[in-house]
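First the proteins, then the strands, lettered A, B, ... as listed; each starts at 1.
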Amino acid sequence: MLGASGSGKSTLLRAIAGLEEIAAGRVLIGGEDVSRLAPARRGVAMVFQSFALFPHMTVERNIAFGLRARGESTQAVASTAEALGLSALLDRRPGELSGGERQRVALARALAARPRVLLLDEPLSNLDAQLRVSTRGEIRRVQERTGVTTLHVTHDQVEALALGHRVAVLRDGRLEQLGTPDEVWERPASAWVARFVGTPPMNLVPGERGLCGFRAEDAAARVDPGGEYVFELAERVGADVLWHLRRGEDLVAVRAGGAAPAVGERVAVEVPEARVRWFDRETGRAL
Amino acid sequence: MSEKRQLALMFAPYALGALLLFIAPALYSLSLSLYDADLLTESRFIGFGNFAELAGDELFHEVLWRSALFVAIAVPLRLFVAVGLALLLFRVRAGRTAAFLPSVVPDAAWAAVWIFLLNPVYGPLNWLLGLVGIAPVSWFSSGWAAFFAIILMLAFTVGEAFIVALAARQELPEELYDVARLEGARPWYVLRAVTLPLMAPVLALLATRDVAVSLQATFTATYLLTDGGPDRATLLLPIYSFDMGFELLRYGYASAMMLLGFLGCLALGVAQWFVVKRWRLGLSH
């Protein structure tokens, strides 16, 4: 679930968990209406942004918290800890762990109960950039091994596209698009999604059929005295160099076509017809 | 003016007050404990004579044991009331003022209220007991009844501990309770496994503080309500030393007694500091 802060994604997650009451609608898990069930009876487990570990308990106690609270066997703890590489840390307390280790403990606690649905509330946002990428892979491996349906909330579109089998894009509490990462990337349902997903965002310029959208890597730019655009600056973004161009009020970013021209020089931009997406000028919906 | 000087200047009134009203009298009292002093005739230095006499004073031993029993019952009870109220009123705002209110009533007025509440003939407490078939208790003439009446009276003046416990509870991250709900932990289990252990350092602090506070807090009210009676049943350390000093004019002896009380509280405080320090290490992030 992808959305900007304040778009309601955490609230939605809490509503699914039953921590937040819903005023209307239903929550279905595997076709079963769980809207009226207590959180513990929905078969959901959650990993919080803050990890929400009990600071006074050892790793083992944290992982087994739910099992002990319900008076169940704690036999599964060892294997869950093993799977997440926590076996050597079972006697430590959260205060003695690194951010990544705490994250894994929170994940282990959630998985120990064998939930039907695993809810992850921005689990990577408290980790530093390098750890984020490796933990992202770890979450994906855990998901694939356990096969547990996982709802992962994030404001980071890269994370959403990298992790999700399907991506739900939320905007101001409403579902803007639900689709595979490819669909969200290739066919944004609205101009808003087109601008929200991607770095740089999709270019949107007025055209004859509405708003014309195209991605930087789909455009071919070349210096041309008769071109419509004016060169403003070049910028390296990872493997690519982007040219920022202006046409009247409109700004676009396209992949560089050779050595950067002088500021103010004219540039022509061509986009294959098949790579152009059209959006309604009024509603922003895809045409 | 430099910042240091400004700070010193602002601190000065407090330092002066503390020196004149607390530190100087405390040091004076400390020195008095080594004298035979009635403050009317010339004081006589007697070294540790007062302490030697205390060691053989059977009444003092009795008062000490009674004070210990009082602390052993009153402190857990007061803590239970304060923490219980804090946990009950954590999610509800209504009633917080009522929980704090008894603590702002002046001691003398509080005692007057209880003289009425405990009146053996027309007091509401005996009337309430009568409703459940318990015979009227003569609160002021039966020793144990008076002792427990004093404890009962102090069980309500826990406003400060209540506020501290409430703040400590509010400090606990709400997400821990979300986890507990999701994992299906029952309220009693959450209280035992999460809330109380996480509040433990604060509770230990409150408990140690209350050893001194409950003894001090009982003074005015007990003095007015029972004056140590009947037959010494409510004679606690502060009243005994007050009588010794201000009634019998044995200031040196009274000072020695209070010094021992002070050292006892200090020892408890230091012990608690070490315990909490170990807890904090376990809890820190």
Test item: B/Leu182 and A/Phe48 side chains (from C-beta on) under 4.5 Å apart, heavy atoms:
yes

B/Tyr189 vs A/Arg68 side-chain heavy atoms within contact, under 4.5 Å:
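Side-chain contact under 4.5 Å: yes.
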
Are there more than 12 heavy atoms of other residues, nucleotides or ligands under 6.0 Å from atom [atom1] of [X]?
X        : atom1 : value
A/Gln130 : CD    : no
B/Glu171 : CD    : no
B/Glu62  : CD    : yes

Below 4.5 Å from any heavy atom of chain B, which atoms of A/Ala17 appear? Answer side chain, backbone, both or neither.
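The answer is both parts of A/Ala17.
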
Shortest non-hydrogen contact from [X] toward [Y]:
X        : Y        : answer
A/Arg14  : B/Asp178 : NH1-OD2, 2.9 Å
B/Gly184 : A/Ala40  : CA-CB, 3.2 Å
A/Ala52  : B/Val179 : CB-CG2, 3.8 Å

Checking the side chain of A/His56 only, and the main-chain atoms of B/Ala193 only, is there a donor and an acceptor separated by less than 3.5 Å?
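Yes, the answer is positive, given that a donor and an acceptor are paired below the 3.5 Å cut-off.
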
Using 0.5 Å steps for rounding, measure from the CZ atom of B/Arg186 to the CZ atom of A/Arg70.
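Spacing of CZ (B/Arg186) from CZ (A/Arg70) equals 11.0 Å.
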
CD/B/Glu174 to CG/A/Leu19 distance, rounded to the nearest 0.5 angstrom?
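Going from CD on B/Glu174 over to CG on A/Leu19, the span is 10.0 Å.
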
Check the pair B/Glu183 / A/Arg109 against side-chain contact (heavy atoms from CB on, under 4.5 Å), numbers first and verdict last.
CA-CA 10 Å; B/Glu183 299 280 7; A/Arg109 178 175 63 194; 3.7 Å; yes

